[in-house]
Amino acid sequence: MATYKTLSSSLNWSTGLSPTPGTTTLIAGGLGSEGSVLIPHFLNSAFDNKQPVILISFTQTYNHYVHILRKMGVNLLNHQIQFVNALRPLDLTSLPPATRPHFTLGAQDQWPRFFEWLAEQPPSVVVIDGLCSLLDQGHGLDTVLSFFTRCQSVVESGGLAGARLVVNMFVDDEGTEPLAYAVVRRSHYVLSFEALSSGASSDVSGQLTVVAGHLLCQLPDSKSFKPTALHYKVSDTTVQFFSPGQSRIVL
């Protein structure tokens with residue numbers, strides 16, 4: 001399974017997804033503690049809940065996710081998922097038809113066509129992998145935030161039907177920190193991956209801290225949320241989460 005039950009239990013997220021539809025979850029990682037390890041969890045949680053998925057990737061081709069999920073026992077091609085290629089233009093003709101993107105984002109002047117397409121899709125769990133890569137492509141902070149908020153508005157409009165937004169980004173320097181702070185202010189939950197302050201360990205890959213984003217206070221059940229800190233260990237086919245100082249729990 002590609003869902004991490006210990007993590008879901010610690011957060012009291014019974015479905016593996018944030019408990020309130022229409023919400024935004026930010027995953028923030030850094031060098032040696034990448035948040036992308038949680039993407040399989042959110043994808044498979046959506047599949048388990050019969051929710052369509054739209055995966056927008058600025059970092060990888062669709063084939064990458066197909067390969068990763070297959071190692072974890074999940075065949076993406078058997079699920080209701082649409083992949084948006086947000087990489088710089090690539091020659092994708094060599095890819096098998098089944099792993100070619102359903103939509104290519106293209107240059108900024110083509111984004112309005114993408115937002116029209118996104119609004120036409122059924123309410124979905126929208127996963128954005130590598131939002132900060134837009135900065136690497138030369139876009140300014142305001143442009144990147146505009147892209148994020150447009151996606152967020154589509155998700156919020158489909159909230160009653162179970163839509164959610166999950167954003168994974170790499171926070172490693174002064175260039176990406178302003179974007180991270182801005183997205184935190186527009187998120188309900190923040191899952192932050194960090195290296196251990198005590199240094200590297202063969203038994204622990206790092207620490208995950210889950211805190212409230214600035215929008216959580218707007219939810220009726222916001223007081224039931226409790227910040228959580230977990231250690232985790234990444235292996236080839238899964239991620240194990242456990243309380244600091246306790247033995248790893250095999251999921």
- Query: Looking at Glu177 and Val171, what are the two nearest heavy atoms and their distance?
  - Reply: CG-CG1, 3.9 Å
- Query: Hey, are the side chains of Glu34 and Phe193 touching, using non-hydrogen atoms and a 4.5 Å cut-off?
  - Reply: no
- Message: I need the minimum non-hydrogen distance between Phe225 and Ala212, along with the two atoms involved.
- Response: CE2-N, 3.5 Å
- Answer with yes or no whether the side chains of Thr23 and Ser18 bring together a donor and an acceptor at under 3.5 Å. yes
- Note on the structure: When rounded to the nearest 0.5 Å, the distance separating SG of Cys151 from CD of Glu156 is 11.5 Å
- Query: Okay, side chain of Asn49, backbone of Thr15: is any donor-acceptor separation there less than 3.5 Å?
  - Reply: yes
- Task: Please name the residue in the list Trp111, Tyr62, Phe114 that meets the ring pair (Phe, Tyr, Trp, His ring centres under 6.0 Å) test with Phe103.
- Result: Phe114
- Out of Thr25, Leu17, Leu43, Leu55, which residue meets the side-chain contact (heavy atoms from CB on, under 4.5 Å) rule with Val125? Leu17
- Might you work through the side-chain contact (heavy atoms from CB on, under 4.5 Å) test for Phe147 and Leu105, ending with a clear yes or no? CA-CA 11 Å; Phe147 179 87; Leu105 184 63; 3.8 Å; yes
- Can you check whether Pro122's main-chain N or O pairs, donor with acceptor, with Ser124's side chain at less than 3.5 Å? yes
- Item | Nearest atoms (heavy-atom pairs only) where His41 meets Tyr4 | ND1-N, 3.0 Å
- Measure across Ser10 and Thr228 and return the closest heavy-atom pair with its distance rounded to 0.1 Å. O-OG1, 3.8 Å
- Report yes or no: do Leu208 and Trp13 belong to one cluster of Ile/Leu/Val/Met/Phe/Trp/Tyr joined by side chain heavy-atom distances under 4.5 Å? yes
- Message: For Ser205 versus Val234, what's the shortest heavy-atom pair and its separation?
- Response: OG-N, 3.0 Å
- Gap separating the CZ atom of Arg70 from the CG atom of Leu76, nearest 0.5 angstrom: 8.5 Å
- Item | Side-chain heavy-atom pair Phe58, Leu134 within 4.5 angstrom cut-off | yes
- Rounded to the nearest 0.5 Å, what's the gap from CG on Leu26 to CG on Asn168? Could you check? 8.0 Å
- Nearest-0.5 Å distance, CG of residue Leu179 to CG of residue Leu145: 5.5 Å
- Query: Distance-only, no hydrogens or angles: does the Ser133 side chain make a donor-acceptor pair with backbone N or O of Asp136 under 3.5 Å?
  - Reply: no
- Would a 4.5 Å heavy-atom cut-off, applied to side chains only, mark Val210 and Leu11 as touching? yes
- To the nearest 0.5 angstrom, please state how far the CD1 atom of Ile27 sits from the CG atom of Leu131. 12.0 Å
- Message: Is there a side-chain contact (heavy atoms from CB on, under 4.5 Å) between Gln110 and Thr104? Walk through the geometry before answering.
- Response: CA-CA 10 Å; Gln110 300 174 15; Thr104 296; over 6 Å; no
- Task: Enter the distance from Ile128:CD1 to Met169:CE here, rounded to the nearest 0.5 Å.
- Result: 11.0 Å
- Query: Are Val126 and Val144 connected in a single hydrophobic cluster, I mean Ile/Leu/Val/Met/Phe/Trp/Tyr linked by side-chain heavy atoms less than 4.5 Å apart?
  - Reply: yes
- Message: Less than 4.5 Å apart, side chain to side chain, heavy atoms only: is that true for Asp203 and Phe242?
- Response: no
- Message: Determine whether a donor-acceptor pair (N or O, by modelled atom type, separation under 3.5 Å) exists between the side chain of Gln152 and the backbone of Arg186.
- Response: yes
- Message: With heavy-atom distances below 4.5 Å as the criterion, would you say the side chains of Arg164 and Pro21 are in contact?
- Response: yes
- Would you kindly confirm whether Val84 and Ile68 end up in one hydrophobic cluster when ILVMFWY residues are joined by side chain heavy atoms under 4.5 Å apart? no
- Item | Donor + acceptor pair across side chains of Asp129, Thr59 (<3.5 Å) | yes
- Item | ILVMFWY cluster, Val184 and Val166 together (side-chain gap under 4.5 Å) | no
- Check the pair His188 / Thr20 against side-chain contact (heavy atoms from CB on, under 4.5 Å), numbers first and verdict last. CA-CA 10 Å; His188 299 83; Thr20 305; over 6 Å; no
- Query: Is Tyr65 reachable from Ile54 through a run of hydrophobic residues whose side-chain heavy atoms are each under 4.5 Å from the next?
  - Reply: no
- Task: Could you tell me whether the side chain of Phe241 reaches within less than 4.5 Å of the side chain of Ser9, counting heavy atoms only?
- Result: no
- Item | Tyr181 atom OH, over 12 foreign heavy atoms within 6.0 Å | no
- Between Ala163 and Val155, which heavy-atom pair has the shortest distance, and what is it? CB-O, 3.6 Å
- Message: Ring-plane angle category for Phe47 and His79, please: parallel below 30°, perpendicular beyond 60°, tilted otherwise.
- Response: parallel
